Amino acid sequence: MAKRKYILGQPHLLRRRGKKKLWTGWIEGREVALGTADRVEAQRRLDELVAQARRDPAAKRGGAARGPSEAPAPLLSELGMTFIQHCQPPRHTKKTAASYAHRVLKFIEWAEDRKIRRADEVTFKVMSSFVRSRTDAGNGAATINRALTAVRRMYAYAKREGLIEQNPFKQEEFAELKLREPRPKPNATTLSPSQIDAFLEKADEMAKPGYAALFRVTAGSAIRIDEARHFEASDVDARRGILTITPKKNWTTKGYRYREIPISAKTAAAALALVAVREAIALDDKSVWKEIQRIRKAAGLPQFSMHDLRRAWASAVHANGASLKQVSVWLGHADVQTTERYIRVFEGKSTGHEFLPR
């Protein structure tokens, strides 16, 4: 398709935005999202908007004012980009914002493949079809429910901002879209202190100093992996034995919660050592997972994740006498119910039969 000659003030394709390079257009003195990376399709959509504006002069900038009931609904792609921008920190953490962005864009891509382009074209029938298609693609109930949550929050935002007249998710039937998630077999055991010590000793032997320090800090304070990436040397008070987890510039803790965690002298030393060499090791989730598996196999331990070190710490301090509320505060949980799921019995040879009364 040959490029059209640009005429000052006339509608035209403007630029490509975002990672997906979606086209935007210029019409009636404003930039509009066209929701596609294909130039031909973008031009076609722009022509449709121009034709619509010419049929309805009140839609032009400077035309007769529309009442709330006459305001046209935005394109799904335009609403999606606005919502994604709305979700950026400090409103949500980077991880939550990225999750919403990914799920909303996947839904918009699915909808546009089915010629559903405007926000007011999303109905219960459309969302039900979306759920079925994701199920047929092999997605689990939890994954689909997270996608529904992201789309639902996008529409709630649109209603609050006056971008749409009605929020379709307010209708009772939309509650039926949520799938029931099967409960996995509960894991009632956790690594014992002796197993954790064996793992840390093996890490000192065969891992890079940065990884060994990372595992010692996590096993000795139960901080999250993302918190381990961002705490600073000034957050470690070796004299008092306190590690402070607090939001930083361009990063925030989960739930924006500030907390002080009691740590031992060994954990404090490991925390300072980690800060000193953190830039020299890969701290993405996949690299840390592979390092843990390599070390735990050498130590002859069952499979576990980084988060299991957090659960083991919680179980250990609770077994040593700390109250559930104290443990919840140290872990940075929003409620004690979450902490209750962390507290487990230690991995061992007992089957429980020796405790039976008869």
Side-chain angles (χ1 to χ4, degrees), residues 184-204 212-228 230-231 233-247 253-275 292 295-296 299-357:
K185 180 182 177 181
N187 180 7
T189 60
T190 189
L191 297 171
S192 67
S194 61
Q195 289 176 309
I196 296 293
D197 290 339
F199 171 75
L200 295 177
E201 289 175 6
K202 185 61 69 173
D204 289 338
L214 170 66
F215 300 145
R216 283 200 174 274
V217 172
T218 306
S221 65
I223 61 174
R224 301 178 178 93
I225 177 63
D226 198 39
E227 294 166 346
H230 291 92
F231 77 84
S234 59
D235 297 322
V236 183
D237 189 337
R239 184 183 63 81
R240 293 172 55 222
I242 295 292
L243 174 60
T244 302
I245 301 299
T246 184
T253 58
K254 188 174 181 180
Y256 294 83
R257 285 182 283 275
Y258 168 99
R259 67 189 197 274
E260 292 185 343
I261 308 168
I263 57 174
S264 66
K266 285 185 177 180
T267 302
L272 294 173
L274 174 61
V275 172
I292 287 177
I295 297 168
R296 68 94 186 161
L301 297 172
Q303 181 171 298
F304 63 90
S305 67
M306 190 74 168
H307 218 68
D308 285 316
L309 296 178
R310 188 168 151 84
R311 295 187 182 96
W313 183 91
S315 299
V317 295
H318 183 60
N320 289 340
S323 70
L324 200 61
K325 179 61 178 176
Q326 284 178 307
V327 178
S328 181
V329 171
W330 292 333
L331 291 176
H333 286 161
D335 54 67
V336 176
Q337 285 76 15
T338 303
T339 310
E340 287 178 337
R341 295 197 297 270
Y342 275 56
I343 306 301
R344 300 172 180 177
V345 298
F346 294 125
E347 182 87 32
K349 296 181 180 180
S350 172
T351 61
H353 290 86
E354 66 270 28
F355 304 122
L356 298 177

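Just so you know, these numbers come straight off a predicted model, no measurement behind them. Quick note: residue numbers are just sequence positions, from 1.
Heavy atoms only, all atoms of each residue included: Ala219 and Leu200 are closest at CB-CD1, 4.1 Å. Here the closest heavy-atom approach between residue Thr190 and residue Gln195 is recorded as O-OE1, 4.4 Å.
Taking Asp197 as the reference, nothing meets the side chain to side chain contact (heavy atoms under 4.5 Å, CB included) condition, with sequence neighbours excluded. Take Gln326 and apply the side chain to side chain donor-acceptor pair (under 3.5 Å) test, not counting sequence neighbours, and it matches Ser323. Partners of Glu260 by side chain to side chain donor-acceptor pair (under 3.5 Å), not counting sequence neighbours, listed by chain and number: Tyr258. Scored by the side chain to side chain contact (heavy atoms under 4.5 Å, CB included) test, Pro247 finds Thr252, Thr253 as partners (sequence neighbours excluded). Looking at residues two or more places apart in sequence or on another chain, you find a side chain to side chain contact (heavy atoms under 4.5 Å, CB included) between Ala299 and Lys202, Leu301. Residues satisfying the side chain to side chain donor-acceptor pair (under 3.5 Å) criterion with Arg257, sequence neighbours excluded, are absent altogether. Residues satisfying the side chain to side chain contact (heavy atoms under 4.5 Å, CB included) criterion with Ala314, sequence neighbours excluded, are Val327, Leu331, Tyr342, Ile343. Applying the ring pair (Phe, Tyr, Trp, His ring centres under 6.0 Å) test to His318 and every residue at least two apart in sequence or in another chain returns nothing. Scanning for ring pair (Phe, Tyr, Trp, His ring centres under 6.0 Å) contacts around Phe199 gives Phe215, Phe304, with sequence neighbours left out. Contacts of Asn320 classified as side chain to side chain donor-acceptor pair (under 3.5 Å), with partners at least two apart in sequence or in another chain: none.
The distance from atom OG of Ser221 to atom CG of Leu309, rounded to the nearest 0.5 Å, is 10.0 Å. Arg259 contributes atom CZ, which lies 8.5 Å from atom NE2 of His333 (distance to the nearest 0.5 angstrom). The structure places OG1 of Thr244 at 8.5 Å from CD1 of Ile261, a figure rounded to the nearest 0.5 Å.
Within the structure, the salt bridge (charged side-chain N to carboxylate O under 4.0 Å, His left out) test picks out the following pairs touching residues 310-333 (sequence neighbours left out): Asp308-Arg311.
A salt bridge does not link Asp226 with Lys254: every distance from a Lys NZ or Arg NE/NH1/NH2 to an Asp or Glu carboxylate oxygen is 4.0 Å or more.
Of the possible polar contacts, one joining the Thr218 side chain to the Leu214 backbone as a donor-acceptor pair under 3.5 Å is found.
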Determine all donor-acceptor pairs shorter than 3.5 Å in which one atom belongs to a side chain in residues 263-271; sequence neighbours excluded.
{"from": "Ser264", "atom 1": "OG", "to": "Thr267", "atom 2": "N", "distance (Å)": "3.2"}
{"from": "Ser264", "atom 1": "OG", "to": "Thr267", "atom 2": "OG1", "distance (Å)": "3.1"}

### Message
Show, in sequence, the C-alpha distance, side-chain angles and deciding distance for Arg216 and Leu274, and conclude whether the side chain to side chain contact (heavy atoms under 4.5 Å, CB included) test is met.
### Response
CA-CA 9 Å; Arg216 283 200 174 274; Leu274 174 61; over 6 Å; no

### Task
Please assess Ile196 against Trp313 for the test side chain to side chain contact (heavy atoms under 4.5 Å, CB included), listing each intermediate value before the final yes or no.
CA-CA 9 Å; Ile196 296 293; Trp313 183 91; over 6 Å; no

